[in-house]
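Notes follow once the structure below has been shown.
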Amino acid sequence: MPPAAPERSDFIRDIVAADVAARRVETAITRFPPEPNGYLHIGHAKSICLNFGIAGEFGGRCHLRFDDTNPVKEEQEYIDAIERDVRWLGFDWGAHLYHASDYFEQLYDWAVHLVRNGDAYVDDLSADEIREHRGTLTEPGRDSPWRDRPIVESLDLFARMRAGEFPNGARVLRAKIDMASPNINLRDPVLYRILHATHPRTGDAWRIYPTYDMAHGQSDAIEGVTHSICTLEFEAHRPLYDWLVEHLPVPSRPRQYEFARLNLTHTVLSKRLLLRLVTEGHVRGWDDPRMPTISGLRRRGFPAEGIRDFATEIGVTKADTVVEIGQLEHAVRDVLNRVAPRRFGVLDPLKLVIENYPAGQVEEMDVVNNPEDPSAGSRTVAFGRELWIERDDFLEEPPPKFFRLAPGREVRLRAAYFITCREVIKDAAGRVIELRCTYDPATRGGDSPDGRRPKATLHWVSAAHAVPAEVRLYEHLFTPPDPGADGRDLLADLNPDSETVVTGARLEPSLASAPVGEPVQFERLGYFCADPDSRPGALVFNRTLTLKDTWAKLQAKA
RNA sequence: UGGCGCGUGGCCUAACGGUAUGGCACCUGACUCUGGAUCAGGGGGUUCCAGGUUCGAAUCCUGGCGCGCCAGCCA
């Protein structure tokens, strides 16, 4: 667990602090309760940071509990991915790994307890009939004809449900609360349903499974959870949460608090929609670098620290809001700028020949690794007569405010020499294919003895030394900030340029051994990291984010 | 329509009856061997509206308006 630095406070932390001060609880025991039916995304990260963060700050603990009450949707693959992602985010549940399925026997006993007390009954109505009886938002529901059947009969039927005597949907166990409640969740909610399905953990031991409402609060109580923090859509369930905890002999009394889930522009945060993108092949998988999943962000190169910083910066409230994705990107750049070693990489190479540089000569130029971090030291990069520079660092007819290379103009090659463009060579189609330049030997290292200061500094790689690579450039997954809004088809909002694969990049040789996922900055371009697809001799890099680019901004305005 | 919740500059957020906080974004300028980073400064708010209580209201009350959630044997 990361150091429990004092986080900014929020209404939930205020409640916890007050509870601790009033000795209502000894400490904060929270839990992160994912359902293993998909991959975790940045919205879950907000919840993870909140739950583990609070536990850390108050010297309590946070459990990882899988809410695995619906075997028809849940899979082991998701369980594994969730554990990996929470750990990668920087959190540790220690020995406190739990599953709602661990409590199935206890939950069953408690269900029997409810029946014995006349607080629950077996209902023979079909799903359709139950819906019909439930009433509507404005009309009260009607009692099921089975609502007052003898307790012994319900007991017998419930036992036989467990034994697997009835098919799916034949009967359910319902709480007996109030069919006229204005809160629909209190109109005799279903507690158990028959599901002849194999569970990832309990196998075929059970033919009935508890619903979320029956399982969640009771699991909290079993684990001694003090503050059960969930998202706003469960607000209407809180009266039921409380009802169950009050009608059952549970060992502790947890309280539920709700906060607003995260919404982000230019993406979607719904497991259903993310699953659709995966299954329909619009992305490379759950961990596609464009996905807002934790594993996607990781593959993209977003550091865990940046995600955590983002979570604290956006705060925790009950207001349903949409955060600009730029705020996430800012938190990520902030970390990357501090930690990413700088390297040279040319995405769209243009050959540059230095006519007065001796053929065959190679100089090892000393280049600082990170101007933000002197302790990162420096490295050596080979320089020679033939180089690659970025094609858009040259313009034959430079517009005003374009400071880079142009015919007759002198610029600095970073940590190397000043060069002047003498001649532009084009192919038959008129495309620039080579620049002939001269260099000033007196400017070795990048400074001139006479104080000349070029307006631009270019990155470069030696043509004789550079290694080729594929580079995948990523942008927002969706073009509009609110994909699928106003009844638009989600797919129509996909950004056709969300991934651009560049195949002819040339990188400085040290990048050939860059570990997968380790962030580097390609100077002047952005932050990158090697993709898991990368192989020796077939390097693949992902662009995590571009650097802020005021020139690009100027161009966009024009 | 019934219940519950929420409305503070473009976005997020603070304020706990004392005269609108901070971050992101935006705009200047300085500095710079990354048009990066950094630093300095700046613009932008009838705190959803209308009443009321109070010496004083973003905060409390009433009534509107807007938005979100709830009618799965999903979570």
Side-chain angles (χ1 to χ4, degrees), chain A residues 8-10 14 33-35 37 67 69-70 72-74 123 125-127 130-132 134-141 168-174 181-187 189-195 208-209 211-213 215-216 230-239 258 260 265 271-272 310 313-331 333-334 337-338 342 344 367-368 370-372 401-404 412-416 418 443 445-447 453-459 481 521-526 546-554:
Chain A
R8 55 182 291 181
S9 200
D10 54 64
D14 289 347
E35 183 191 11
N37 67 343
D67 228 331
T69 57
N70 187 358
V72 319
K73 285 187 173 178
E74 297 155 8
D123 194 343
L125 255 29
S126 70
I130 287 181
R131 188 182 322 116
E132 247 175 74
R134 189 153 27 225
T136 68
L137 295 177
T138 50
E139 306 154 24
N168 288 353
R171 293 176 228 267
V172 292
L173 183 76
R174 292 229 259 170
S181 172
N183 181 343
I184 293 184
N185 297 114
L186 260 22
R187 321 242 263 228
V190 171
L191 264 22
Y192 266 90
R193 73 283 213 192
I194 298 169
L195 244 36
I208 56 173
Y209 292 91
T211 56
Y212 165 87
D213 291 301
H216 203 94
C230 61
T231 43
L232 251 26
E233 64 270 28
F234 293 102
E235 210 161 18
H237 289 246
R238 186 170 6 114
E258 312 87 14
T265 61
K271 284 198 225 172
R272 195 190 106 248
F310 170 70
E313 282 161 17
I314 57 173
V316 178
T317 68
K318 298 192 74 157
D320 185 14
T321 57
V322 183
V323 178
E324 290 176 347
I325 200 164
Q327 196 161 347
L328 204 213
E329 295 169 346
H330 168 267
R333 283 197 182 93
D334 209 44
N337 177 50
R338 276 190 348 254
R342 266 111 255 222
F344 291 162
V367 189
V368 65
N370 186 347
E372 300 295 311
K401 297 204 176 162
F402 180 85
F403 305 141
R404 282 110 95 148
R412 172 167 40 224
L413 293 180
R414 171 114 231 240
F418 292 5
T443 56
D447 284 304
R453 304 174 130 211
K455 291 202 76 172
T457 300
L458 271 40
H459 61 280
Q521 182 193 106
F522 290 2
E523 289 212 27
R524 303 208 305 134
L525 297 179
T546 61
L547 254 25
K548 284 209 287 186
D549 187 344
T550 52
W551 168 243
K553 191 187 281 184
L554 271 178

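Per chain, numbering begins at 1; letters A, B, ... match sequence-line order. No experiment lies behind these values; they were computed from the predicted model shown.
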**Study point:** Pairwise C1' distance, rU62(B) and rU1(B) [rounded to whole Å]
**Key:** 22 Å
**Study point:** Rounded interatomic separation in angstrom, taking CD from Glu233(A) and P from rC6(B)
**Key:** 15 Å
Check your understanding: Within the modelled atom types, does a donor on one side and an acceptor on the other bring the side chain of Glu139(A) and the base of rU1(B) under 3.5 Å apart?
Key -> no
Exercise for review: Please answer whether rA75(B) and Phe234(A) are stacked, defined here as ring centres separated by less than 5.5 Å and planes angled under 30°.
Suggested key: no
Exercise for review: State whether the distance check finds a donor on one side and an acceptor on the other, under 3.5 Å, for side chain Asp14(A) versus base rC16(B).
Suggested key: yes
Practice item. Considering only atom P, compute the distance from rU13(B) to rU8(B) and round it to an integer number of Å. Key: 8 Å
Review point. Which part of the nucleic acid does Arg134(A) contact within heavy-atom distance under 4.0 Å: base, sugar-phosphate only, or nothing?
Key: sugar-phosphate
Exercise for review: Rounded off to whole Å, could you give me the NZ-to-P distance for the Lys553(A) and rU28(B) pair?
Suggested key: 9 Å
Exercise for review: Answer yes or no: is there a donor N or O on one side and an acceptor on the other, between the side chain of Glu74(A) and the main chain of Asn70(A), under 3.5 Å?
Suggested key: yes
**Study point:** Aro-ring/base stack Tyr212(A)-rA75(B), d under 5.5 Å, angle under 30°
**Key:** no
**Study point:** Side-chain (Arg8(A)) to main-chain (Glu313(A)) donor-acceptor, under 3.5 angstrom
**Key:** yes
**Study point:** Donor-acceptor contact present, side-chain Arg524(A) to main-chain Thr457(A), <3.5 Å
**Key:** yes
Review point. Can you find a donor-acceptor N/O pair under 3.5 angstrom joining the side chain of Arg524(A) to the base of rG35(B)?
Key: no
Exercise for review: Have a look at Glu35(A) and say if it touches a base, only the backbone sugar-phosphate, or nothing, with a 4.0 Å heavy-atom cut-off.
Suggested key: sugar-phosphate
